[in-house]
Amino acid sequence: MLDIQLLRSDLPLVAERLVTRGVTLPVERIQALESERKATQTRTQDLQSQRNSHSRAIGEAKKEGENAQPLMEQANAINAELEACAARLERCQADLNEILLGIPNLPQAGVPVGGSAEDNVEVRRVGEPRAFSFKARDHVDIGEGLGLLDFAAAVKITGSRFTLMTGPLARMHRALAQFMLDLHTSEHGYTEIYVPYLANAASMRGTGQLPKFEEDLFGVPRGDEEKLYLIPTAEVPVTNLVRDEIVAPERLPLRFVCHSPCFRSEAGSYGKDTRGMIRQHQFDKVELVQMVPPEQSEAALEQLTGHAEEVLKRLELPYRVMALCTGDLGFSAARTYDLEVWLPGQEAYREISSCSNFEAFQARRMQARFRNAKGKPELLHTLNGSGLAVGRTLVAVLENYQEADGGVRVPAALQPFMGAMTRIPPAR
RNA sequence: GGAGAGGUGGCAGAGUGGUCGAAUGUACCUGACUCGAAAUCAGGCGAUAGGGUAACCUAUCCGUGGGUUCGAAUCCCACCCUCUCCGCCA
């Protein structure tokens with residue numbers, strides 16, 4: 001959510017900055033609502049003030065034993081107008097609020113301007129794609145060839161877009177998550193956190209999944225009780241930790257790392273990435289979340305992106321860093337870097353992490369604050385990034401470490417987490 | 001699932017339908033005392049929104065939402081949450 005004050009004070013500027021995101025603000029409607037709001041609010045408060053002073057006078061008159069009847073009649077007249085006025089104000093503010101909730105974050109200065117993913121800018125490229133002496137297969141062929149990856153079984157148990165792994169492959173999946181958690185907690189200063197995998201609507205609103213993106217979520221009805229949602233990312237429970245809180249300044253910056261499953265309905269992605277485990281309804285992710293004072297958030301994004309990159313470096317996977325352009329930014333983000341890992345099976349770089357600075361956009365709708373140097377509550381800045389998506393990392397390892405005979409080498413960094421295993425041998 | 005207790009400022013904790021944004025304590029800030037600190041004393045100290053160049057003024061907020069009333073932290077209704085005990089349970 002943007003700062004309503006900014007909309008009031010400089011609406012044309014806001015509209016101009018949103019054009020780069022391909023968003024057109026209903027400027028005239030906002031201005032009309034805003035001037036009505038102003039007039040109605042002033043009038044309402046004036047009437048409330050009159051009512052209050054009449055009520056006080058009635059109290060005193062009664063205490064003195066005087067006749068309060070005329071005063072009470074006046075109060076009734078005030079209340080009649082007040083009721084109508086207050087209702088108009090409420091409608092007006094609800095309309096404004098609805099518009100406000102639908103407005104995405106403003107891109108930071110320096111974010112490349114562009115309309116789609118085509119216009120994203122490569123910031124750096126790390127590692128050389130390996131030259132294969134044989135035709136590189138994709139992870140589906142490799143995993144099924146090993147007899148350890150079984151999409152058919154997942155379809156039988158649940159349906160499409162789910163995965164089933166067994167044996168060393170399941171272990172490698174677990175090892176990847178352990179490796180990432182250990183790296184971020186012991187070397188990057190994050191606190192490991194375990195959270196609920198179901199969240200309520202208030203939390204989903206806090207991080208911006210609701211009200212606009214309900215169709216992307218899995219809902220869990222509970223009879224008469226409020227519906228819950230399966231988390232689409234650990235960002236939701238972790239960031240909502242500070243919802244409606246005023247954090248003591250000495251606790252900042254807050255840095256959390258959380259391994260969790262993620263559930264996405266992938267509405268609107270029919271036909272995309274239907275093969276393999278690139279786009280699933282359920283996948284594991286190790287998420288990095290930071291809450292920092294505003295002046296630190298830009299540096300924190302660079303740092304957090306580096307933390308995610310470190311995973312790829314240690315696994316010796318070639319990747320590149322993309323700065324998302326204005327048209328490709330997520331709804332809540334002010335700046336985003338995507339990490340794209342090289343997948344020999346697709347001969348393409350594919351997204352494996354997305355690191356964003358949300359500035360105060362999430363914090364404002366969550367009322368997540370800290371006490372600043374003056375002792376006043378001030379909105380935090382929130383950031384998060386995948387460090388990394390576990391399933392996609394497994395895909396990258398399989399494809400980059402495959403061997404001619406169908407076996408897969410285990411990256412050196414991962415071996416301590418796999419009982420010193422150096423290789424998953426081909427099926428016999 | 002059954003029974004009971006309770007939700008008030010950063011925390012603890014009073015509160016009679018009107019003078020209650022709310023006693024008191026504590027934390028915090030400022031000042032005095034001190035070489036300095038502690039202790040003590042004095043003063044200050046909620047949030048949000050609106051109006052105003054500003055000093056300042058106004059409104060709203062006592063779990064949430066309704067209701068009664070000229071007026072609600074206080075009365076009524078519904079809901080949510082927390083805690084205690086019992087039952088069940090990995």
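Between Phe263(A) and Tyr229(A), the distance from one ring center to the other does not fall under 6.0 angstrom. Aromatic rings from His307(A) and Tyr190(A) are positioned such that their centres are separated by under 6.0 Å. Remark: aromatic rings of His381(A) and Phe361(A) are distant, center separation not under 6.0 Å.
Taking a cutoff of 4.0 Å between a charged side-chain nitrogen and a carboxylate oxygen, Asp138(A) and Arg275(A) qualify as a salt bridge. A salt bridge between Glu81(A) and Arg43(A) is present, with a side-chain N of the basic residue lying under 4.0 Å from a carboxylate O of the acidic one. A salt bridge is absent between Arg264(A) and Glu266(A): the closest approach of a Lys/Arg side-chain nitrogen to an acidic carboxylate oxygen does not fall below 4.0 angstrom. Using a 4.0 Å cut-off between charged nitrogen and carboxylate oxygen, Asp273(A) and Arg350(A) count as a salt-bridge pair. We find that Glu245(A) and Arg251(A) are not joined by a salt bridge, their nearest charged nitrogen and carboxylate oxygen being 4.0 Å or further apart.
The separation of G2(B) from G87(B), taken at their C1' atoms, amounts to 8 Å, rounded to a whole angstrom. Nucleotides G18(B) and U69(B), compared at atom C1', are 12 Å apart to the nearest Å. Annotation: G71(B) and U60(B) have their C1' atoms spaced 16 Å apart (nearest Å). For the P atoms, the distance from C61(B) to G66(B) is 11 Å, rounded to whole Å. Atom name C1', nucleotides G15(B) and C88(B): the rounded distance is 41 Å, in whole Å. Comparing G9(B) with A14(B), their P atoms sit 13 Å apart, to the nearest whole Å. Rounded to whole Å, the separation between the P atoms of G63(B) and A12(B) comes to 14 Å. Between U24(B) and G44(B), the two P atoms lie 11 Å apart (nearest whole Å).
Here G52(B) presents its P atom at 13 Å from CD of Gln5(A), a figure rounded to the nearest Å. In this structure, CG of Leu7(A) is placed 14 Å from P of A49(B), rounded to the nearest angstrom. Spacing between atom CD of Glu81(A) and atom P of C70(B) amounts to 18 Å, rounded to whole angstrom units.
Of the N and O atoms on the side chains of Asn105(A) and Ser332(A), not one donor lies less than 3.5 Å from an acceptor on the other residue.
RNA chain B lies under 4.0 Å from at least one heavy atom of each of the following residues of residues 31-43 of chain A: Arg37(A), Lys38(A), Gln41(A).
The shortest distance between the side-chain N/O atoms of Asn200(A) and the OP1/OP2 oxygens of C80(B) is not below 4.0 Å. Close to A59(B), at under 4.0 Å from its OP1 or OP2, lies a side-chain N or O of Asn52(A).
As judged by a 4.0 angstrom heavy-atom cut-off over every strand, Glu245(A) is placed among residues making no nucleic acid contact. As judged by a 4.0 angstrom heavy-atom cut-off over every strand, Asp46(A) is placed among residues making no nucleic acid contact.
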For nucleotides 72-76 of chain B, tabulate all protein N/O to nucleotide N/O atom pairs closer than 3.5 Å, reporting atom names and distance.
none

